[in-house]
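Written below as structure tokens is the structure these notes are about.
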Amino acid sequence: MEGASFGAGRAGGAIDPVDFVKQPQTILRVTAWIFSIVVFGSIVNECYVNTDIRTPDLLCIFNENESACSFGIAVGIIAFFGCIFFFVVDLYFQQISSVKDRKRAVLLDLGFSGFVSFLWFVAFCFLANQWQRTTMSKAVSQGADAARAAITFSFFSIIVWVALAVKALQRYRLGTDMSLFATDQFAADAGAAYPGYPTGSGIESKDTYQSPPFTETLDANPKGYQAPAY
């Protein structure tokens, strides 16, 4: 973006809601937010089953490994609130007048997106591995679709969060156009020359400075003084 600071225009500019919604970054955040809901919602609602009718205990459908379900839920919640937070940051990003604050926001977005991408990769591998080891039964079959949905959308979440990290990296590389922050002191005309020091007319004045004449006179033969006789 020409004349932009880390992907946004002059601080304090008006925000166009339509353009904001159409931004790839906004679409990616909404998509990641929906995927996170699908993952932890599927695990919480349908991935705890009763595999033994003699006990009322509900066990994790992923090979009865409680850590698999807990990790999937935790990553989904982190991604859920992270999307909300950075969505608000994107919404007010153009109102940030400090270049340093904009840089910190972009770097935070880059670091968080990369970190969550890694978490989703671990969650996908963990859930897929435990699902392969799960012994199928009647109770497990009832929650099988939810388990597969959690695994599938964990994989999709990796792609979306990597794309968000790439977008943050692109914004960081855009850097800052300092003309956005220091233009008022220059002339409105872009081709106008910068005012220099005042110069003289180039004509030397005939009225030159003179010190007052020395008017004191001395007597040729001061009183009381006689020339010596030789």
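Excluded from the calculations below are hydrogen atoms, water molecules and symmetry mates; all remaining heavy atoms, backbone and side chain alike, are included.
- Under the 6.0 Å cut-off for aromatic ring centres, Phe124 and Phe121 do not qualify, their centroids lying 6.0 Å or more apart.
- The CH2 atom of Trp131 sits 4.5 Å away from the CE atom of Met136 when rounded to the nearest 0.5 Å.
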Item to check | Criterion side chain to side chain contact (heavy atoms under 4.5 Å, CB included) on Arg29 and Val89, from CA distance to verdict | outcome: CA-CA 12 Å; Arg29 291 208 194 282; Val89 171; over 6 Å; no

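- Residues Ala32 and Val160 come closest through the heavy atom pair CB-CG1, 3.6 Å.
- Ser67 has its side chain within reach of Phe126: a pair of non-hydrogen atoms, C-beta onward, lies under 4.5 Å apart.
- Counting only residues at least two apart or on different chains, the salt bridge (Lys or Arg N to Asp or Glu O under 4.0 Å) pairs with a member in residues 119-145 are Asp145-Arg148.
- For Asn50 against Leu58, the heavy-atom pair with the smallest separation is N-CD2, 3.7 Å.
- A distance-only check finds a donor-acceptor pair linking the side chain of Asn45 to the backbone of Gly41 [under 3.5 Å].
- When all heavy atoms of Ala68 and Phe62 are compared, the pair lying nearest together is CB-CB, 3.9 Å.
- Cluster annotation: Leu110 and Phe115 are assigned to distinct hydrophobic clusters (Ile/Leu/Val/Met/Phe/Trp/Tyr, side-chain heavy-atom contacts under 4.5 Å, transitive).
- Cysteines Cys60 and Cys69 have SG atoms closer than 2.5 angstrom.
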Item to check | CA sep, side-chain torsions, deciding dist, call: Asp90, Lys167, salt bridge (Lys or Arg N to Asp or Glu O under 4.0 Å) | outcome: CA-CA 12 Å; Asp90 291 342; Lys167 292 296 295 182; over 6 Å; no

Item to check | Chi angles and distances behind the side chain to side chain contact (heavy atoms under 4.5 Å, CB included) call for Leu28, Trp161 | outcome: CA-CA 8 Å; Leu28 289 172; Trp161 281 96; over 6 Å; no

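- No chain of hydrophobic side-chain contacts below 4.5 Å, direct or via other Ile, Leu, Val, Met, Phe, Trp or Tyr residues, connects Ile27 to Leu169.
- Ala146 and Ser42 get closest at one heavy-atom pair: O-CB, 3.7 Å.
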Checklist entry - Does the side chain to side chain contact (heavy atoms under 4.5 Å, CB included) test come out yes or no for Val122 and Phe71, once each step is laid out? => result CA-CA 9 Å; Val122 175; Phe71 188 77; 3.8 Å; yes

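- Interatomic distance, Phe112 CZ to Ser117 OG, rounded to the nearest 0.5 Å: 9.5 Å.
- Atom CG of Leu119 is separated from atom OG of Ser154 by 11.0 Å, given to the nearest 0.5 angstrom.
- For the pair Asp19 and Lys22, the salt-bridge criterion is not met [side-chain N within less than 4.0 Å of a carboxylate O].
- Side-chain contact between Val38 and Phe156 is absent, with no heavy-atom pair separated by less than 4.5 Å.
- Ile73 contributes atom CD1, which lies 8.5 Å from atom SG of Cys47 (distance to the nearest 0.5 angstrom).
- The line from CZ of Phe155 to SG of Cys125 is 10.0 Å long, rounded to the nearest 0.5 Å.
- Here CG of Leu164 is found 8.5 Å from OG1 of Thr31. Values are rounded to the nearest 0.5 Å.
- When all heavy atoms of Val140 and Ile61 are compared, the closest pair comes out as O-CD1, 3.4 Å.
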Item to check | Derivation and outcome, ring-ring contact (aromatic ring centres under 6.0 Å, His included), residues Phe93 and Phe86 | outcome: CA-CA 10 Å; Phe93 188 79; Phe86 284 103; over 10 Å; no

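- Nearest heavy atoms, Tyr48 versus Ile43: CD1-O, 3.5 Å.
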